[in-house]
**Student:** 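Quick one: the structure is below, questions incoming.
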Protein chains: 2
Amino acid sequence: MTQITKKVTLKDIAQQIGCSKAVVSTVLNRSKGNTGVSKGMREKIEQVALEMGYRPNFSSQSLARQRTMTLGAYIPPQPWGSIGSTYETVIFRGIEKACQELDYDLLVFNRFGDLRHEHCMEKLYQRRVDGLFLVHAHGGCDWLDGFLKTGVPIVGVDYSNPEPQVDALTFDNTGAIKGAVEHLVSLGHQRIAYLGQVGHRMVLDQQLRRDAYIAALKQMNLPMNDDWLLCEIDGPIPKGVDHYDETSRRTLNYLRSVPADQRPTAIITFNDRTALNLIQDLMQNGYEVPADMNVISVDDSYLCRVLRPRITSMSHPLEAMGYRATYMLQNRIENGVPEDNQGIHELYPSEVVIRQTTSTPRK
Amino acid sequence: MTQITKKVTLKDIAQQIGCSKAVVSTVLNRSKGNTGVSKGMREKIEQVALEMGYRPNFSSQSLARQRTMTLGAYIPPQPWGSIGSTYETVIFRGIEKACQELDYDLLVFNRFGDLRHEHCMEKLYQRRVDGLFLVHAHGGCDWLDGFLKTGVPIVGVDYSNPEPQVDALTFDNTGAIKGAVEHLVSLGHQRIAYLGQVGHRMVLDQQLRRDAYIAALKQMNLPMNDDWLLCEIDGPIPKGVDHYDETSRRTLNYLRSVPADQRPTAIITFNDRTALNLIQDLMQNGYEVPADMNVISVDDSYLCRVLRPRITSMSHPLEAMGYRATYMLQNRIENGVPEDNQGIHELYPSEVVIRQTTSTPRK
DNA sequence: CACATATGGGCCGAGGAGGGT
DNA sequence: GACCCTCCTCGGCCCATATGT
């Protein structure tokens, strides 16, 4: 490890050798693109640079090159309190991996949802980030214009209903729910319920998954029942009451109120956390899972692997999306806006990960 | 929102007004520290800057001020696969909050443990970060010297056994375990076991907690038994076998092999994840928690709130530590090394968070 | 000669065009 | 033509000087 004490600059190297700093610069940053520097000089410079422990000054490089090699990420505030931001963390794993490969640094804003987007825009703009991720947002937000106006390349990761001009990677919510229904049907289930978010303020993902449930039942000619949109009929949940506790309670009430041969044999839940609570409450109330009730969730986070029984879930390729998004962003940065001004939209499919909460329905 | 198209510089503003860029600079970055600029000029400049949507160029500022207003964070690779890095995420919540207050940006390296420290040092040095967090590390690591040599101010967050010269915030592992024992004793427990990491490659935290368990029993004159360092007697866990599954299996075997009146009535687990698995396996094998067996863990992550029964746990003030660490780092940056070259060491205590897995022992 | 106010220009550290030998 | 150098640029900071009253 080279001893690092005083900052070494190009000039220092040049003086040490007795040449101009231009040559040094030439050698040091395109050692491949041979721009007429003699072999002797080139080797001398490289050696001295190493000895002196030279590291180019990043601010200076950014200034001269008009590139910061930094990408920004903005996460719009989520209505639900982030569960330690587990969900976003997976996306960032993919982003950071690609950033390392491409030698970008990453600046994350609003990871914990307490900043207004105007403030983030200010910072992004000030920092002159080369590109921007919009993480887990969706089309139609009023603040998007502000970001677009900056002229900074943008890509949406896990971005539903994208505007035509922005690049976006979208999770196939509809396909995921359909896949869940198909999995259950293949096991022999017919009466399938759905447990989502109850009441007002439904986020787009929630809406999409709920609608997809209805559509899938219709498409596959399965029996439908208003009550199977569990809890919805009971209306919004009062303030101060825990959403998970209350939906579990209502669900259990409903199940008790219906004779076994009319009861749903499986429940699709909006996400893992919902499944986790539902399963635990079912079991505490004498229902065996999956013997008495099947459960399948969407997202396949690590929660599914931690609970006994382990939860069957529809995968969400968040890490792959983050990874891919980074390369798309790089492409935008290097090649600018395409002539037709059309963004690239990619749809990411979901696959069923079979664990222990689904099986054939009780006869 | 101001339309942002072309980058506005100080010169642009100066030209627009017909003054020198020096005045503009003076006004724009210490509008309070009145350095002889006429009120008229000052107002004019501020107004025009606003109209033109001026944002100082960050790279340029950094270059001139020799300050990047960026802090780096390094997380040494952990031997266990990070559970979505939940643990570190909590620390970063505190760090990021303070960074916002102090107007620092944060660059995180190695969040997912795939970078070598040499590489991170390179990047940190290149980026000229103003200061550096060492997250969840501990004293005595061979790579520390490399970081110290850079001369960048350093603070350890959740840093055990700190070297005297570095600033460090340390979690009171010993006190946490002692607190757990005291809680159990206050409920009437006497035979208390400990479930930690089994076998070689024990991380410092694990070692500290294990030793603290032994010390606490001794100190409080509680009965001791080699078997109560659960699983240790059975030796290392073979490769390819899941650590949690295997420790649960061994623990259950042990419990079955001992008559009820000699059996421990409570188990302290190394962390939440261990508690989670243990509890689920106990319950699946006919033990009621806490009726037949009490469990208390350390860390109090959100897992404790998610499982039924909810887990009693010793809190770990990770967020507060991250927050405080940032201010300590800022202090180092602004005031340099103290004359005695002694770091500040702060010890953070743990408190018991009582939930549903502890109660009085079965009579 | 003070004093308030504005300006010129060098500096930070690198990139790179164009000219000279 | 091979090789190296001079000089200006990026954008903001700030000290040392004007200029005016």
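Residue numbers start from 1 in every chain, and the chains themselves are labelled A, B, ... in the order their sequence lines are given, proteins ahead of strands.
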**Student:** Of Ser60(B) and Ala22(B), whose closest DNA chain C nucleotide lies nearer the 5' terminus?
**Tutor:** Ala22(B)
**Student:** Does dC5(D) have OP1 or OP2 sitting under 4.0 Å from an N or O in the side chain of Ser20(A)?
**Tutor:** yes
**Student:** Got a salt bridge between Glu122(B) and Arg55(A), using NZ or NE/NH1/NH2 to carboxylate O under 4.0 Å?
**Tutor:** yes
**Student:** Please determine if Arg93(B) and Glu88(B) form a salt bridge, counting it only when a charged side-chain N lies under 4.0 Å from a carboxylate O.
**Tutor:** no
**Student:** Please report the distance, rounded to the nearest Å, between CZ in Arg127(A) and P in dG11(D).
**Tutor:** 17 Å
**Student:** Using modelled atom types only, decide if a donor and an acceptor are shared between the side chain of Glu163(B) and the backbone of Gly140(B) within a distance under 3.5 Å.
**Tutor:** yes
**Student:** How many whole angstroms separate atom CG of Leu10(A) from atom C1' of dC5(D)?
**Tutor:** 15 Å
**Student:** Using whole Å, what does the distance between atom C1' of nucleotide dG12(D) and atom CD1 of Ile45(B) come to?
**Tutor:** 14 Å
**Student:** Once you round it to whole Å, what is the distance between P of dC13(D) and CD of Gln66(B)?
**Tutor:** 13 Å
**Student:** Quick one: on DNA chain D, does Ser38(A) or Lys21(A) contact a more 5' nucleotide (nearest heavy atom)?
**Tutor:** Ser38(A)
**Student:** Quick one: Lys39(A) NZ to dC4(D) P, roughly how many Å, whole number?
**Tutor:** 14 Å
**Student:** Grab the CZ-P distance between Arg128(A) and dC10(D) for me, whole Å please.
**Tutor:** 14 Å
**Student:** Could you walk me through whether Gln47(B) and Glu51(B) pass the side-chain hydrogen bond (donor to acceptor under 3.5 Å, both in side chains) test, one step at a time?
**Tutor:** CA-CA 6 Å; Gln47(B) 183 206 329; Glu51(B) 276 171 12; 2.7 Å; yes
**Student:** If each of Val23(B) and Leu63(B) is mapped to the nucleotide of DNA chain D with the nearest heavy atom, which maps nearer the 5' terminus, i.e. the 5' end?
**Tutor:** Leu63(B)
**Student:** Report which part of the nucleic acid Tyr54(B) touches: base, sugar-phosphate, or nothing (heavy-atom distance under 4.0 Å, all strands).
**Tutor:** sugar-phosphate
**Student:** How long is the gap from CG on Leu318(A) to OG1 on Thr89(A), to the nearest 0.5 Å?
**Tutor:** 10.5 Å
**Student:** Does OP1 or OP2 of dC13(D) have a side-chain N or O of Asn29(B) closer than 4.0 Å?
**Tutor:** yes
**Student:** Find the distance Lys44(A):NZ to dC4(D):P and express it as a whole number of Å.
**Tutor:** 13 Å
**Student:** Between Asp103(B) and Lys123(A), is there a side-chain N and carboxylate O pair less than 4.0 Å apart?
**Tutor:** yes
**Student:** Does Gln61(B) put a side-chain nitrogen or oxygen below 4.0 Å from OP1 or OP2 of dG11(D)?
**Tutor:** no
**Student:** Reading DNA chain C in the 5' to 3' direction, which nucleotide is the first one with an atom under 4.0 Å from a heavy atom of chain A, and which is the last?
**Tutor:** dG13(C) to dG16(C)
**Student:** Nearest whole angstrom, please: distance from the P of dG11(D) to the CD1 of Ile13(B).
**Tutor:** 13 Å
**Student:** Examine Arg128(B) relative to Phe58(A) and say whether NZ or CZ is less than 6.0 Å from the centre of the six-membered ring and inside a 45° cone about the ring axis.
**Tutor:** no
